[in-house]
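For reference, the structure is listed below as structure tokens.
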Protein chains: 2
Amino acid sequence: MTGATVQSCGPGSLTAFRRRVKRSMEAVCRAMFREGIHGVRVRNERVAVPNLVRIMEATLAVANEKGFAAMSLRDLAGRTGLSMGGLYAYIGSKEDLVALIQAQGGRQTRQVMEAELEGVADPRERLRTAIRTHLYLSEVLRPWFFFAYMEARQLPARLRAQAIGMERDTEALFAGIIADGQRRGVFREIDPLVAAGFVKAVLQDWYLKHGKHAERGLSVDAYAEQVEALAMKYLEDT
Amino acid sequence: MTGATVQSCGPGSLTAFRRRVKRSMEAVCRAMFREGIHGVRVRNERVAVPNLVRIMEATLAVANEKGFAAMSLRDLAGRTGLSMGGLYAYIGSKEDLVALIQAQGGRQTRQVMEAELEGVADPRERLRTAIRTHLYLSEVLRPWFFFAYMEARQLPARLRAQAIGMERDTEALFAGIIADGQRRGVFREIDPLVAAGFVKAVLQDWYLKHGKHAERGLSVDAYAEQVEALAMKYLEDT
DNA sequence: GTCTATAGCATGATAGAC
DNA sequence: GTCTATCATGCTATAGAC
């Protein structure tokens, strides 16, 4: 939080945003590898990190299409160019894969949301920034968001709880912005949690029903504007 | 469409609604059995229909919890009190189960929505009725709605297309109501499909995130009121 | 109409060569 | 660090007794 930083509002253009996110992805993967909490047995970082990235990307791709339970590790090995044995040098079990992926996306999401919101004080602007950033994030990391949403219920208790926690945090972020706006007399008095739930539901629709929106030729930016309009109409005191 | 019928607006109380739906469920199952399109090999209707209902309910219960792909037919046989062999007298394959369930819920949903909307002409009232009826339906048939949403992507092409078609029909229903309201000058001029998509997203949140709403002690009726308020705020010309 | 028993296969995971 | 070969298990589906 450097008070001197000049902050422009909102995440800027999607392409610039995408570049930033992609760069931060590798950094997060490298950090996770170095922490060693995920028990990767390959020691050489120059070999391990790119392979980890490919394994995670392939997992997301296959799981998005046919579901994580229906994805076989042979499938996965084939897609990554590894053999079954090779694959098992990176994970201890199929379940480990989920933990790895969940941690990676969770970290990145939190980092990006915090970074983009930092220094934005006005409630209306803050809400708009949160909406747009979340939409951009879920556009760039769509496979991850889709995975986190769709597979959560089938996970072992610990990981499911973690997934639910991340969702609740996002909802709490929006509820906080709304409550703050109410205190300042900018938004009308309605239950902030219900309002945040509505916002989150339409945000999730963007990545859960990607096919539909693509078919209709709706861009993220166009959708973002519509969601912002909805939120303002609903929240503003008229 | 009997013009003489006296129509009260909205689906009435949830408990009465629940009774009506449960009664119509057996009727739909019996009809499907008699049509014989699903290849059930048991001929005695008094035996077959109750068993079919139990098989479908058990499938929905297990699939909601751990996912359809992870549900084994041994699981299912155990829950229904049938053996593996007995189960296979009712279905030809695991996939058949999905077709059966999808058809049953789809028919019932269509029937109920049409029945409740019949005779309601005012766009505002029509929208409110559609919202409330859909929420009531997804509350009473929650396992089916959850299943239809969550398992769609993993299904074989034909069934997936059918699931997507049903979703699109629901969205088109709402879009039609909204467009009608616009023609009559009741609603403001925005893309009816986008607006319908928003409404559908918050309606789906009710059954997709049931745990969250239950935790907060939010009732269907309370949620319905909030959604109606959101829709009106967003659509009304002010 | 329902059961038990089993065929046939794909899966997650590991051992050991290189 | 990665591969091939293999194990044990659990699955869908069917055959045939009752």
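In what follows, chains carry the letters A, B, and so on, assigned in the order in which the sequence lines appear, proteins first and then strands, with residues in each chain numbered from 1. Values below: all heavy atoms of this structure, side chains included; hydrogens, waters and symmetry mates excluded.
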Got [X] and [Y] here, is their nearest side-chain heavy-atom distance under 4.5 Å?
X	Y	result
B:Y223	B:D205	yes
B:M71	B:K94	yes
B:L76	B:L97	yes
A:Q154	B:K66	no

Could you pull out all donor-acceptor pairs under 3.5 Å where a side-chain atom in residues 82-91 of chain B meets a protein atom, sequence neighbours excluded?
{"residue": "B:S83", "atom": "OG", "partner": "B:G86", "partner atom": "N", "Å": "3.1"}
{"residue": "B:Y90", "atom": "OH", "partner": "B:N51", "partner atom": "ND2", "Å": "2.7"}

Taking side chain to side chain contact (heavy atoms under 4.5 Å, CB included) as the test, write out the residues that go with A:Q162, two or more places apart.
A:Q102, A:R158, A:L159
Rounding to a whole Å, what distance do you find between [X]:[atom1] and [N]:[atom2]?
X	N	atom1	atom2	value
B:L73	D:dA13	CG	C1'	9 Å
B:R41	D:dA13	CZ	P	11 Å
B:K94	D:dT14	NZ	C1'	17 Å
B:L82	D:dA13	CG	P	16 Å
B:L76	D:dG10	CG	P	19 Å

What contact category does A:D75 fall into here, base, sugar-phosphate, or nothing, at under 4.0 angstrom with non-hydrogen atoms?
nothing
May I ask you to say what B:D96 touches in the nucleic acid, namely base, sugar-phosphate or nothing, with a heavy-atom cut-off under 4.0 Å?
nothing
With A:F145 via ring pair (Phe, Tyr, Trp, His ring centres under 6.0 Å) - residues at least two apart:
A:H134, A:Y207
Got a donor-acceptor contact below 3.5 angstrom from the B:R160 side chain to the B:L155 backbone?
yes
What protein N or O atoms touch nucleotides 4-9 of chain D N or O atoms at under 3.5 angstrom, if any, and at what distances?
none

Nt span of DNA chain C in reach of chain A heavy atoms at under 4.0 Å, 5' end first, is C:dT11 to C:dT14
Which is more 5' along DNA chain C, the nucleotide nearest B:Y90 or the one nearest A:A69? Just name the residue.
B:Y90
Sequence neighbours left out, cut at 3.5 Å: what donor-acceptor pairs do the side chains of residues 25-33 of chain B make with other protein atoms?
{"residue": "B:E26", "atom": "OE1", "partner": "B:R30", "partner atom": "NH1", "Å": "3.1"}

